[in-house]
Q: 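Structure provided below as structure tokens; questions to follow.
Proteins come first, then strands; the chains are lettered A, B, ... in the order of their sequence lines, and each starts at number 1.
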Amino acid sequence: MIEMHEVDKWYGTHNVLKRCTTHVAKGEVVVVCGPSGSGKSTLIKTVNGLEPFQGGRITVDGQAVTTSGRDLTRLRARIGMVFQSFELYPHMTVLDNVCLAQTVVLKRPRSEAEAKTEALLRRVGMIDHARKHPGQLSGGQQQRVAIARALAMDPIAMLFDEPTSALDPEMINEVLDVMTELALEGMTMMVVTHEMGFARRVAHRVVFMDDGQIVEDRSKDAFFDHPETDRAQLFLSKILHH
Amino acid sequence: MTEFDWTAVTNNLPFLMQGLFLTFQLTILAMVGGILLGTVLAILRLSAPAPVPQLIAGYVNGLRAMPLILVIFWFYLLVPLALGRPVGAFPSALIAFTLFEAAYYSEIIRAGIQGVARGQLQAALASGLSYAQAMRYIVLPQAFRAMLPILLTQSIILFQDTSLVYVVGLRDFLTAANIVASRDQRPVEMYLFIAAVYLVLCAGGSFAVRRLQRRLAR
Ligand SMILES: Nc1ncnc2c1ncn2[C@@H]1O[C@H](COP(=O)(O)OP(=O)(O)O)[C@@H](O)[C@H]1O
Ligand SMILES: [Mg+2]
């Protein structure tokens, strides 16, 4: 579903992605982890072209990710994305947040978009908040709406960039539960997260990044039981013991 | 000292109101035109490929470095030359004000757009919206909401500045008052009256801006 081949990205002279190669098969859940600044967000944002890259090739569902143009816009509409800071639109109600791209991009009639929205809000447990604005919601609630907003486009894959990092601890699980359910239903997912419990339960593969490189890309069990590199061992010991 | 005599004001009210109407007309048209053009300039300056942003920066800084009265006069002379026929004082003044104010508005709007979190644009693009759609539905509504008080303040300045159109022979409110004051020899009453009108309108505008600011801050 998602193929990345030798992806290179530079910020000026700073090489932030170094020949990154990996893939996410249909229905697969791949967790991306690594120290802060290692390039995880940059990597995941190249998948839908939010971050341009200078070398290598990325395809999603067989379609090349270009740097701009209508094809890229159309491809983005089919890939859901969830951000660390939620990025709900503060000037719109929850309902309108979820309806907007459905009506503007997919040209769904408003009634159809609303019906879809209500079903999704019910699914993430947010139907009672449909008329509220994002500012009136807790972080966990906002993130669940953001997931519903992405799902409203009937995506072929979902990208998550640290979806629980900005949440208070007591809200992390309500978001992880929604994501787990999604994974069990067979959604193709690429998830940047430090939630190793989630990775152990849900992921098929783990990609470990350090300093712009994909250092390990292995099955979940292999990664957790026998990390190959010192860097991954160090990372795991730090993250599991606090 | 003689008594105040307000008949100079009351007898000439229709004439003065005509001037006030012209002032309002010019203010509102230049405000709408200036904000529309300023928005286009701001977006192009932020996202168009070189050399467009550089050209716009030159335009904005150039106009802002110039006295408005010169710009008004200039357009009065230049627009007919450019079009090859006379256009009249009002259209030329309106064009001058619109282009001049657009320079100021565009800077306000540019700051407003940059003030909208970058993640908002990313989220909109990620959902499949085009850049133009993301601007229209997500970025600009938030930017304008944040900028509204500054935009209105700039518009109050514009309202005051319209009195400069006397240089091209237009009769705005202040000019109309000048004419009456010197003809009827009642300058004190006349200038007290127009000062009161400007004060009421501008103070009212400022008051509305402050209320709006408070409401938006909630
Ligand atoms: N806009 C930018 N300009 C320059 N450097 C950047 C920019 N964004 C990110 N970087 C750098 O790229 C590297 C990877 O960043 P990021 O992908 O955000 O890491 P992570 O998500 O793993 O914490 C970091 O060294 C960061 O400083
Ligand atoms: Mg990151």
Q: Not counting sequence neighbours, which residues clear side chain to side chain contact (heavy atoms under 4.5 Å, CB included) with B:Ala177? List them please.
A: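 Here the qualifying residues are B:Leu16, B:Met190, B:Ile194.
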Q: Does atom CZ of B:Arg171 have more than 12 heavy-atom neighbours, drawn from other residues, nucleotides or ligands, at distances under 6.0 Å?
A: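 For B:Arg171, atom CZ is not crowded (no more than 12 foreign heavy atoms under 6.0 Å).
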Q: What pairs of residues pass the salt bridge (Lys or Arg N to Asp or Glu O under 4.0 Å) test when at least one of them lies in residues 149-165 of chain B, not counting sequence neighbours?
A: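 Counting only pairs at least two positions apart or across chains, no salt bridge (Lys or Arg N to Asp or Glu O under 4.0 Å) contact touches residues 149-165 of chain B.
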Q: Between A:Leu88, A:Leu106, A:Leu75, A:Val82, which has the largest tally of heavy atom pairs under 4.5 Å with chain B?
A: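 Heavy-atom pair counts peak at A:Leu88.
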Q: Select one option (side chain, backbone, both, neither) describing which atoms of A:Ile79 are under 4.5 Å from chain B's heavy atoms.
A: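 Only the backbone of A:Ile79 comes within 4.5 Å of chain B.
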Q: Once you leave out hydrogens and angles, what donor-acceptor pairs under 3.5 Å do chain B and chain A share?
A:
unit_1   : atom_1 : unit_2  : atom_2 : d
B:Gln120 : N      : A:Glu87 : OE1    : 3.3
B:Gln120 : NE2    : A:Glu87 : OE1    : 3.2
B:Gln120 : NE2    : A:Leu88 : O      : 2.9
B:Gln122 : OE1    : A:Lys45 : NZ     : 3.1
B:Tyr137 : O      : A:His91 : NE2    : 2.9

Q: Residues two or more places apart in sequence or in another chain: which of them pass side chain to side chain contact (heavy atoms under 4.5 Å, CB included) with B:Phe24?
A: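 Listed in chain order: B:Leu20, B:Phe159, B:Leu201.
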Q: Taking atom CZ of B:Phe90 as the centre, does the number of heavy atoms from other residues, nucleotides or ligands within less than 6.0 Å exceed 12?
A: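 Yes, because the 6.0 Å sphere around CZ of B:Phe90 holds more than 12 heavy atoms from other groups.
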Q: Heavy-atom count check: over 12 atoms from other residues, nucleotides or ligands less than 6.0 Å from B:Tyr166 OH?
A: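 Counting neighbours around OH of B:Tyr166, 12 or fewer heavy atoms of other residues, nucleotides or ligands fall under 6.0 Å, so no.
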Q: When you look at CZ of B:Phe21, are more than 12 heavy atoms from neighbouring residues, nucleotides or ligands closer to it than 6.0 Å?
A: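 No, CZ of B:Phe21 has 12 or fewer neighbouring heavy atoms, counting only those of other groups under 6.0 Å.
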